[in-house]
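In each ligand, atom 1 is the first atom listed, and ligand 1 is the first ligand listed. Keep in mind that the numbers below use all heavy atoms, side chains included, and drop hydrogens, waters and symmetry copies. Along the sequence shown, residues carry numbers from 1.
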Amino acid sequence: MTDTSTAPDSSSPSGQTTHFGFQTVEEGLKQKKVAEVFSSVAQKYDIMNDMMSFGLHRLWKAFTIRLSGVREGDRVLDVAGGTADLSLAFAKRVGESGQVWLTDINHDMLSRGRDRLIDKGISLPIAQCDAEKLPFPESSFDCVTVAFGLRNMTHKDIALAEMRRVLRPGGRLLVLEFSQVCKPLSPLYDLYSFKLLPWMGEKVVGDADSYRYLAESIRRHPAQEELKTMMEKAGLAKVDYFNLSAGIVAVHRGYRI
Ligand SMILES: C[S@@+](CC[C@H](N)C(=O)[O-])C[C@H]1O[C@@H](n2cnc3c(N)ncnc32)[C@H](O)[C@@H]1O
């Protein structure tokens, strides 16, 4: 596994603040706190995903992969790829003539991903790196994806611009992320997120706080139209999005032209 992470020194306060769930924290601290969350949940991450979403995350990811239009021979970058769900699926699509890079800032998540790839007999390059400073030259990929990762990033605008930079002209970025659920479902969704999720986190992983952060970070994440505007500001063109499961998640797609 290549470690190319160039995370800023969290001990040197920038003076700027940002959100970590519902808390306001020093910018430098957010990355450290996000790292603690994912290191804590890494071993049980996949089983929790199935339990929390009743398996729906598999359908959301399958939809994203179909929408990507990735074909044999393509080069794909999976940003914040964690335990490698998307990378695994893309590896099958691109075949021997293509290439998929699994990347993430968190070593524990990537280790799980690497183990899952080995179990399935799939070999692909893995790099530990920050989405805000991708260690790839301009125009390297046909497709870049980020699934449930953008929400956790400190400077989403910088990360989006980086993901655009490494796309070839005509290449596309797909962002799969929690979004704004349709209004009538809100009360039920709130009950589920703020009561049941932390309870499940405590029972299964022994960590209620990480799943409380999940619920809070979803509420802090830009809704569908706002994220579309952010992608456009980052230089992506023809941005559109698809609501899935009544807006619980949305897939945004944009092109580098
Ligand atoms: C909820 S997991 C998603 C994993 C995987 N993409 C999936 O859909 O199952 C979010 C991932 O984002 C990663 N992450 C958070 N901030 C990041 C950053 N600045 N750069 C790269 N990865 C980051 C975390 O380490 C974590 O593995």
Please check this pair: side chain of Glu177 against backbone of Val249, looking for a donor-acceptor N/O pair closer than 3.5 Å. no
Ring center gap for Phe136 and Trp101 short of 6.0 angstrom: yes
Any side-chain heavy atom of Ser39 within less than 4.5 Å of one from His107? no
Quick check: does any side chain N or O of Glu216 sit under 3.5 Å from a backbone N or O of Phe22, one acting as donor and the other as acceptor? yes
Ring of Tyr241, cation from Lys228 - is the NZ or CZ under 6.0 Å from the centre and inside 45° of the axis? no
Could you work out, with side-chain contact (heavy atoms from CB on, under 4.5 Å) as the rule, every residue matching Arg93, not counting sequence neighbours? Ile65, Arg66, Val70
Short N or O separations between ligand 1 and the protein, below 3.5 Å:
unit_1   : atom_1 : unit_2 : atom_2 : d
ligand 1 : 6 (N)  : Ala80  : O      : 2.8
ligand 1 : 6 (N)  : Ala147 : O      : 2.9
ligand 1 : 8 (O)  : Lys61  : NZ     : 3.4
ligand 1 : 8 (O)  : Ala147 : O      : 3.3
ligand 1 : 9 (O)  : Tyr45  : OH     : 2.9
ligand 1 : 9 (O)  : Lys61  : NZ     : 3.0
ligand 1 : 19 (N) : Asp130 : OD1    : 2.9
ligand 1 : 20 (N) : Ala131 : N      : 2.9
ligand 1 : 22 (N) : Ile105 : N      : 3.4
ligand 1 : 25 (O) : Asp104 : OD1    : 2.6
ligand 1 : 27 (O) : Asp104 : OD1    : 3.3
ligand 1 : 27 (O) : Asp104 : OD2    : 2.6

